[in-house]
Protein chains: 2
Amino acid sequence: MNSLNNIYVPYQGLHLLADLHGAKHLDNIDIIERALSQAAHAAGAVILDVRLHHFGPDQGVTGVVLLAESHISIHTWPEHNYAAIDIFVCGIANDAHAACDVIAQMVEAEHVERKEIARGYAAQ
Amino acid sequence: MNSLNNIYVPYQGLHLLADLHGAKHLDNIDIIERALSQAAHAAGAVILDVRLHHFGPDQGVTGVVLLAESHISIHTWPEHNYAAIDIFVCGIANDAHAACDVIAQMVEAEHVERKEIARGYAAQ
């Protein structure tokens with residue numbers, strides 16, 4: 001799943017950007033919060049802090065989980081059934097795609113578009 | 001500066017990922033916090049919340065600013081003079097590169113590598 005697992009360097013970071021289309025529950029801050037927490041768990045990451053903001057009834061939610069291994073964020077536009085997420089994990093033992101799968105499943109996304117970006121001092 | 005200004009769609013998001021090399025002050029949580037706040041200001045964004053975590057003396061700092069327009073994050077590795085930042089702004093009036101410039105200047109980065117990723121429901 002994680003292509004960086006094949007690169008044997010002492011450190012690598014994977015920054016996974018995912019656009020979720022045709023998604024539901026994007027105005028539901030409780031579902032978004034559970035999705036973020038379960039995503040961190042699925043990634044094998046340690047949660048330091050979870051912060052969310054709801055822009056109002058029927059409106060979007062912004063949330064970030066600070067991880068010992070970097071972060072997961074989500075920004076939702078319920079009026080477009082669209083959410084932008086990014087998952088940045090800096091341990092090769094962490095599975096960013098598993099985190100993405102959890103969020104996509106919890107918001108019932110019909111289509112997920114992913115981009116993998118290598119990060120870190122060894123990623124030049 | 002922002003190439004997305006040339007795309008005439010009702011919504012676009014710019015996700016700017018930047019790797020800062022040869023940087024200083026990366027174990028200084030006060031400088032990192034000021035850098036994040038000033039970066040948000042430079043981007044023309046509205047701050048909802050600022051969260052930071054210091055991993056210990058001489059160690060890295062993780063920080064996220066939740067914005068009305070999405071977020072700015074930073075993760076630092078002082079032992080490698082390296083910081084990873086991402087700036088996600090969803091208004092074409094917001095200047096992600098200006099935010100990046102502010103952070104790079106405050107941590108005296110010698111080299112900045114940037115990647116622009118178009119985000120949003122109109123970015124497929």
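Just so we're on the same page: letters track the sequence lines, and every chain starts at 1.
When only modelled atom types and interatomic distance are considered, B:Arg119 and A:His75 share no side-chain donor-acceptor pair under 3.5 Å. Side-chain polar atoms of A:Glu116 and A:His15 form no donor-acceptor pair below 3.5 angstrom. Side-chain atoms of A:Glu110 and A:His21 form no donor-acceptor pair, as typed in the model, at a separation below 3.5 Å.
Of the two parts of A:Leu17, the backbone and the side chain both hold a non-hydrogen atom closer than 4.5 Å to a non-hydrogen atom of chain B. Using a 4.5 Å cut-off between heavy atoms, A:Ala18 contacts chain B through its backbone alone, with no side-chain atom that close. For A:His71, the parts lying under 4.5 angstrom from a heavy atom of chain B are both the backbone and the side chain. Contacts between A:Leu20 and chain B at a heavy-atom distance below 4.5 Å are absent for every atom of the residue.
Among A:Thr62, A:Leu66, A:Ile74, A:Asn81, the residue making the largest number of heavy-atom pairs under 4.5 Å with chain B is A:Leu66.
Between A:Arg114 and A:Asp86 there is no salt bridge, since no side-chain nitrogen of the basic residue lies less than 4.0 Å from a carboxylate oxygen of the acidic one.
The environment of CD in B:Gln105 is sparse: at most 12 heavy-atom neighbours from other residues, nucleotides or ligands sit within 6.0 Å.
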